[in-house]
**Student:** 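Here's a structure for you.
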Protein chains: 2
Amino acid sequence: MTRPTENTAANRILVGDCIQLMSQMPAGSVDMVFADPPYNLQLSGELLRPNHSRVDGVDEEWDRFSDLPTYDRFTRDWLGAARHALKDDGTLWVIGSYHNIFRVGSILQDLGFWILNDIVWRKSNPMPNFKGRRFTNAHETLIWVAKSREAKYYFAYEAMKNLNEELQMRSDWTLPLCTGAERLRGEDGQKAHPTQKPEALLYRVLLAATRPDDLVLDPFFGTGTTGAVAKQLRRRWIGIEREHEYARLANARIAAVEELAEPELVDVPARRTQPRVPFGHLVERGLLKPGTNLFDQRRRVIAKVRADGTLVAQNHLGQHSGSIHKVGAAVQGLPACNGWTYWHFQEGKSLAPIDVLRQKVIAEMH
Amino acid sequence: MTRPTENTAANRILVGDCIQLMSQMPAGSVDMVFADPPYNLQLSGELLRPNHSRVDGVDEEWDRFSDLPTYDRFTRDWLGAARHALKDDGTLWVIGSYHNIFRVGSILQDLGFWILNDIVWRKSNPMPNFKGRRFTNAHETLIWVAKSREAKYYFAYEAMKNLNEELQMRSDWTLPLCTGAERLRGEDGQKAHPTQKPEALLYRVLLAATRPDDLVLDPFFGTGTTGAVAKQLRRRWIGIEREHEYARLANARIAAVEELAEPELVDVPARRTQPRVPFGHLVERGLLKPGTNLFDQRRRVIAKVRADGTLVAQNHLGQHSGSIHKVGAAVQGLPACNGWTYWHFQEGKSLAPIDVLRQKVIAEMH
DNA sequence: CGAGTTGCTGAATCCTGAG
DNA sequence: ACTCAGGATTCAGCAACTC
C-alpha cells in the first residue's frame with residue numbers, strides 16, 4: 001500500500017539548519033520523527049584511562065552551549081519546528097542522556113506532546129567508569145511521544161511481540177554499542193562521527209512506529225543511520241544535517257544499502273487491522289447452519305444459532321439472546337466477552353472455536 | 001566512626017508538611033536525602049484486565065495536581081527545602097516515572113544540583129500493558145545528585161562492586177517489585193500504601209551513598225521503607241509524612257526491624273539475571289537479514305525470515321507462519337519443536353544451526 | 001507430601017470504527 | 001462533536017487449593 005507523497009523530496013539529505021528547514025516543510029507531512037540532538041555534555045578537561053591513554057570524548061563545536069537557558073531555547077525551537085512538520089497522528093522519538101534528556105522531556109510536555117513511553121537503551125558493552133566515582137553510565141534514554149493526548153498513533157504491537165519471542169516488548173532494550181564493521185570510519189581509521197547509533201536501535205524504532213512507505217524525518221542525521229535502516233525496511237526518509245562532510249558520508253553509506261526485495265516481508269501482520277467479519281456472515285455463507293449448537297470449551301453451556309446470526313442460550317442465570325459477545329458475557333455473568341474465542345462448534349468428535357471459521361473467511365478475502 | 005549529632009531528633013517521624021518542616025531544620029544537617037514524591041500520574045477512567053477485573057490504580061488525593069505548573073511549583077519548593085537541609089557534601093536521590101521525572105530532573109539542574117547518575121530500576125515483574133497499545137512500562141528512574149559541581153560527595157565504589165560480582169555497578173538495576181510478605185497490608189488484607197518501594201532498592205541506595213551513623217532524610221516517608229533499611233544498616237534517619245495513618249504503620253514496622261550486629265557482613269551478591277535472547281534480536285542486529293532462507297538439517301524444508309523475527313514456510317501440510325518454534329513444529333506435524341536447533345542457516349557451503357548466532361549474542365552480553 | 005492448577009495483583013497517563 | 005457496540009488484550013511471583 002503506497003501513501004500519497006505530499007512531500008515530494010523523500011529519500012534525500014537536506015544540508016542546513018534543521019529549525020529553518022523543518023519550518024519550511026509542509027505542515028503535517030511526516031509520519032515519524034527520530035531525533036538524536038546534541039547532548040550538551042559539558043565535559044570539562046580531558047579524561048584519562050588507567051593506562052593514561054586519552055578518552056576520545058565528544059568535544060565538537062555542535063555540542064557546546066553557553067548555558068542551560070540557551071540549550072532550552074534551542075530545544076524548544078527544533079521541537080516546535082518538528083511538531084509543525086509532523087502529522088497529527090504521527091509520533092516523535094528523541095534520544096538523550098541525563099545531561100539533556102530532562103530538559104527535552106519537560107519541553108516536550110510543555111509543547112503539548114503526550115508521552116507514550118520512556119525507553120531505556122541498556123548498553124551491553126558501555127564504557128567503564130574509569131575514576132570509580134560514580135555508577136557506570138550504562139544506558140541512554142529515548143522518549144516516545146504522540147502529538148496530543150487524543151492522537152491515534154500507530155504501534156506495531158504484534159511485531160514487537162514477535163521480535164521478543166511472544167512476550168510483550170518492554171520499555172528497556174538491551175543492545176550493544178555501534179562498533180566493529182558497522183562503525184563508520186574516516187580514511188585515518190578514526191570514527192567518522194562521535195555518537196553514531198547502532199542500526200539495531202533504529203530497526204526496532206522504525207518497526208514499532210511506522211508502516212512501509214511511511215515518511216521518516218531525522219533532523220540530526222549525522223552519518224545517516226536512520227536513513228540506512230529506513231531504506232532497508234522500505235520506509236521513505238528525509239535527513240537534515242548541518243555539516244557537508246557528514247552528509248557526504250551518509251549519502252555514500254545509504255547508497256550501499258539494499259532494500260528488502262520482497263515487500264511482504266516488511267509488512268508485518270497485525271491482528272488489529274484484519275477486516276471485520278460479522279458472525280452473521282458465517283451463517284449466510286452456510287459455514288454454520290441456523291439451529292446449530294455452540295458450546296463453551298467444556299460443554300457446560302449450549303447456545304443455538306438463529307438465522308440472523310444471533311444466539312439463544314439458557315442457563316441458571318436465565319434466558320439470553322443477542323450477539324455472540326452479548327450472550328457469551330451473559331451466560332458467564334461477565335461485563336464483556338469475546339464470542340469468537342468463547343463459543344465452539346462440533347468438528348468431528350471435538351470442539352473448535354468459531355474463530356477458525358472467521359479466519360477461513362478472512363483468508364478467502366485475499 | 002560516629003559523627004556529631006547536629007540534629008538531635010534522629011530516628012523519628014515528623015508528621016506534617018515536608019516543605020515547612022525541612023525549611024525549619026538546621027541548614028546543612030543531613031548527609032543524604034531520599035525522596036519518593038507523588039508522580040502526578042494523571043490517570044483517567046478505569047482500566048480492565050483481559051479477564052475483566054479492575055486495575056487498582058493510584059487515585060489518592062496526594063497524587064492529584066491541577067496542572068503541570070502547579071506540580072512544578074510543588075517540586076521546586078520541596079527540592080529547595082531539601083537543599084537547605086542537606087550538607088554541602090551530601091547527595092540527594094529522587095525516584096519517579098516518565099510522568100514526573102523530567103520535571104524533577106530539570107528543576108534539580110535549575111536549582112544548581114549536579115547530576116551524578118540517572119539510575120534505571122528495571123522491574124523484573126512489572127504490570128503488563130493490558131491493551132497492547134504501548135511498550136510494557138517496566139522501569140522507573142532515579143536521579144542521584146550532589147549539591148554542586150564541586151561538591152566532594154561520598155560513593156562506596158568498592159561496596160557496589162562487591163555487590164555486583166566484582167564488576168562495576170552499572171546505572172541499571174534489576175530488582176523485583178515489593179510483593180508478598182514484604183508488602184504492608186491493612187487488616188482488610190489490602191495493600192496499606194499504593195506505592196511501597198522494595199527494601200532492596202533502598203538497601204543499594206543507602207549502601208552506595210552513606211556511611212554508618214550518617215543521617216538520612218526522607219520527606220515522603222509513606223510506610224517507612226527508608227527508615228526500615230536505614231535502621232538495619234545502622235544509619236540514622238528522619239522521616240516526614242503528612243498522613244498520620246502512614247506514620248503509625250511506619251513506626252510499628254521500623255520498631256520490628258533488627259539492626260545488623262556487624263554491618264560489614266551485609267555483602268549480598270547481586271543475582272545476575274540470565275540473558276534471554278529472542279530470535280527477533282538476531283534479525284534486528286543484522287546477524288540474519290529479513291528474507292534470509294533457513295533450512296532443516298537435510299535441506300528438505302525451507303523457511304523465510306520476516307522483518308519481525310517470524311518465519312514463513314510452506315510444505316505439503318500447508319503454509320505456516322509464526323515463531324521459529326511454532327513453524328518448526330508445524331512443518332514437521334509435531335506438537336512442539338526447539339527452533340534454535342531445528343533451523344539452520346547457510347554458512348559458506350554448509351549449514352549451521354541458528355543457535356550459534358544466539359550464543360554469539362549471549363557472549364557479548366557479559 | 002509433591003505436583004499441578006487456579007486465582008490474584010503490581011505507580012497505568014492502555015480501543016476503535018461505524019453511524 | 002457524540003454514542004454505541006464489536007471484540008481485543010497480560011507477565012511474573014506468590015498463595016491457596018486440588019489431586
Side-chain angles (χ1 to χ4, degrees), chain A residues 89 109 113-118 144-146 148-150 152-155 157-158 161 164-171 270-280 309 322-326 328-329 334-343 354-355 358, chain B residues 36-60 62-65 68 95-101 121 123-141 174 176-183 185 189-191 193-198 220 222 273:
Chain A
D89 288 343
Q109 292 179 307
F113 286 105
W114 190 247
I115 301 180
L116 299 171
N117 280 113
D118 61 332
W144 182 39
V145 296
S148 71
R149 182 171 194 165
E150 302 77 29
K152 294 193 197 303
Y153 60 93
Y154 173 73
F155 175 52
Y157 175 74
E158 293 288 343
K161 199 167 169 177
N164 200 33
E165 227 157 68
E166 311 289 303
L167 288 180
Q168 288 190 339
M169 187 70 82
R170 301 168 38 117
S171 57
R271 208 176 245 264
R272 259 199 173 78
T273 55
Q274 282 183 353
R276 180 176 291 186
V277 176
F279 177 70
S323 73
I324 51 172
H325 315 295
K326 283 267 153 61
L334 288 176
C337 163
N338 182 344
W340 290 109
T341 52
Y342 178 73
W343 295 109
I354 57 177
D355 196 45
R358 176 171 63 157
Chain B
D36 182 11
Y39 287 8
N40 187 28
L41 285 190
Q42 311 168 65
L43 303 180
S44 66
E46 62 175 14
L47 177 63
L48 298 181
R49 300 167 194 268
N51 66 4
H52 310 298
S53 67
R54 229 185 102 259
V55 173
D56 185 15
V58 177
D59 189 28
E60 325 290 322
W62 50 254
D63 196 45
R64 288 198 286 264
F65 296 82
L68 283 177
I95 183 167
S97 66
Y98 66 81
H99 309 82
N100 71 323
I101 200 66
W121 169 27
K123 301 176 186 180
S124 54
N125 51 349
M127 194 179 355
N129 184 290
F130 295 115
K131 302 293 187 188
R133 293 297 297 145
R134 303 179 177 196
F135 298 96
T136 304
N137 189 6
H139 73 275
E140 295 188 20
T141 303
T174 303
L177 297 171
C178 178
T179 58
E182 191 188 318
R183 189 88 194 205
R185 294 177 191 282
Q190 298 298 302
K191 55 188 175 191
H193 192 286
T195 73
Q196 186 182 339
K197 295 293 176 289
F220 304 97
T273 51

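Here the structure is a predicted model, which means the values were calculated and not measured.
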**Student:** How many whole angstroms separate atom OH of Y157(A) from atom P of dT16(C)?
**Tutor:**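 It works out to 13 Å between those atoms.
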**Student:** Return the nearest nucleotide to the side chain of F130(B); candidates are dA8(D), dT16(C), dC11(D).
**Tutor:**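 The listed nucleotide nearest to F130(B)'s side chain is dC11(D).
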**Student:** Tell me if the side-chain of K197(B) makes a donor-acceptor pair with the base of dA11(C), cut-off 3.5 Å, by modelled atom types.
**Tutor:** yes
**Student:** Let me see the working for W340(A) and H325(A) under side-chain contact (heavy atoms from CB on, under 4.5 Å), right down to the final yes or no.
**Tutor:** CA-CA 8 Å; W340(A) 290 109; H325(A) 315 295; 3.6 Å; yes
**Student:** Return the value, rounded to whole Å, for the distance between atom CD of E158(A) and atom C1' of dC14(C).
**Tutor:** 15 Å
**Student:** In whole angstroms, how far is the P atom of dA11(C) from the CG atom of N117(A)?
**Tutor:** 17 Å
**Student:** Enter the distance from K123(B):NZ to R170(A):CZ here, rounded to the nearest 0.5 Å.
**Tutor:** 9.5 Å
**Student:** If you measure from the ring centre of W114(A) to the centre of the six-membered ring in the base of dT13(C), is it under 5.5 Å, with the planes under 30° apart?
**Tutor:** yes
**Student:** Pick the P atom in dA5(D) and in dC14(C), then give their distance to the nearest Å.
**Tutor:**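 Roughly 24 Å separates the two P atoms.
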**Student:** Select from K161(A) and A181(B) the residue whose nearest nucleotide in DNA chain D is closer to the 5' end of that strand.
**Tutor:**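 The residue whose closest nucleotide sits nearer the 5' end is K161(A).
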**Student:** Using the P atom as the reference point in each nucleotide, state the distance between dA8(D) and dA18(C) in Å, no decimals.
**Tutor:**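 dA8(D) and dA18(C) have their P atoms separated by 15 Å.
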**Student:** Would you please test Y153(A) and W114(A) for side-chain contact (heavy atoms from CB on, under 4.5 Å) and show each step?
**Tutor:** CA-CA 11 Å; Y153(A) 60 93; W114(A) 190 247; over 6 Å; no
**Student:** Any strand counts, and the cut-off is 3.5 Å on both contacts for Watson-Crick or G-U wobble. Which nucleotide pairs with dT9(D)?
**Tutor:** none
**Student:** Can you check ring pair (Phe, Tyr, Trp, His ring centres under 6.0 Å) on W62(B) and F220(B), steps first, answer last?
**Tutor:** CA-CA 11 Å; W62(B) 50 254; F220(B) 304 97; 9.3 Å; no
**Student:** When you match A336(A) and E166(A) each to their closest nucleotide on DNA chain D, which lands nearer the 5' end?
**Tutor:** A336(A)
**Student:** Examine the side chains of H99(B) and S97(B) and answer whether a donor and an acceptor come within less than 3.5 Å of each other.
**Tutor:**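 On atom types as modelled, these side chains qualify, holding a pair under 3.5 Å.
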**Student:** Heavy atoms from C-beta onward define the side chain here; which of dC11(D), dA12(C), dG17(C) lies closest to that of L167(A)?
**Tutor:** dC11(D)
**Student:** Nearest whole angstrom, please: distance from the C1' of dA11(C) to the CG of N137(B).
**Tutor:**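 For the pair N137(B) CG and dA11(C) C1', the rounded distance is 9 Å.
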**Student:** Mind calculating the distance between CD (E46(B)) and P (dT13(C)) to the nearest angstrom?
**Tutor:**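 Nearest whole value for this atom pair: 16 Å.
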**Student:** Mind calculating the distance between CD1 (I354(A)) and C1' (dG7(D)) to the nearest angstrom?
**Tutor:** 11 Å
**Student:** Is a side-chain donor or acceptor of H193(B) paired with a backbone partner of G222(B) at a separation under 3.5 angstrom?
**Tutor:** no
**Student:** Report yes or no: is there a donor-acceptor pair, N or O only, under 3.5 Å between the side chain of R149(A) and the base of dT13(C)?
**Tutor:** no
**Student:** May I have the distance from L48(B) (atom CG) to dT9(D) (atom P), rounded to whole angstrom?
**Tutor:** 16 Å
**Student:** Please compare D63(B) and P128(B) by the position of their nearest nucleotide in DNA chain C and report the one closer to 5'.
**Tutor:** D63(B)
**Student:** What integer distance in Å separates K123(B):NZ from dA11(C):C1'?
**Tutor:** 6 Å
**Student:** Looking at R49(B) and dG10(C), is any side-chain donor or acceptor paired with a base atom of the opposite kind under 3.5 Å?
**Tutor:** yes
**Student:** What form does the base of dT13(C) take, syn (within 90° of 0) or anti?
**Tutor:** syn
**Student:** Taking for each residue the nucleotide of DNA chain C bearing the nearest heavy atom, is the 5' side occupied by R134(B) or by S53(B)?
**Tutor:** S53(B)
**Student:** What nucleotide, of dA12(C), dA11(C), dA12(D), holds the atom closest to the side chain of T195(B)?
**Tutor:** dA11(C)
**Student:** R358(A) near the nucleic acid: base, sugar-phosphate alone, or nothing, with a heavy-atom cut-off under 4.0 Å?
**Tutor:** sugar-phosphate
**Student:** When all nucleic acid strands are considered with a 4.0 Å heavy-atom cut-off, which category describes G45(B): base, sugar-phosphate, or nothing?
**Tutor:** base
**Student:** Starting the side chain at C-beta, find the nucleotide from dT10(D), dG7(D), dA11(C) nearest to Q168(A).
**Tutor:**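 Taking heavy atoms from C-beta onward, the closest nucleotide is dT10(D).
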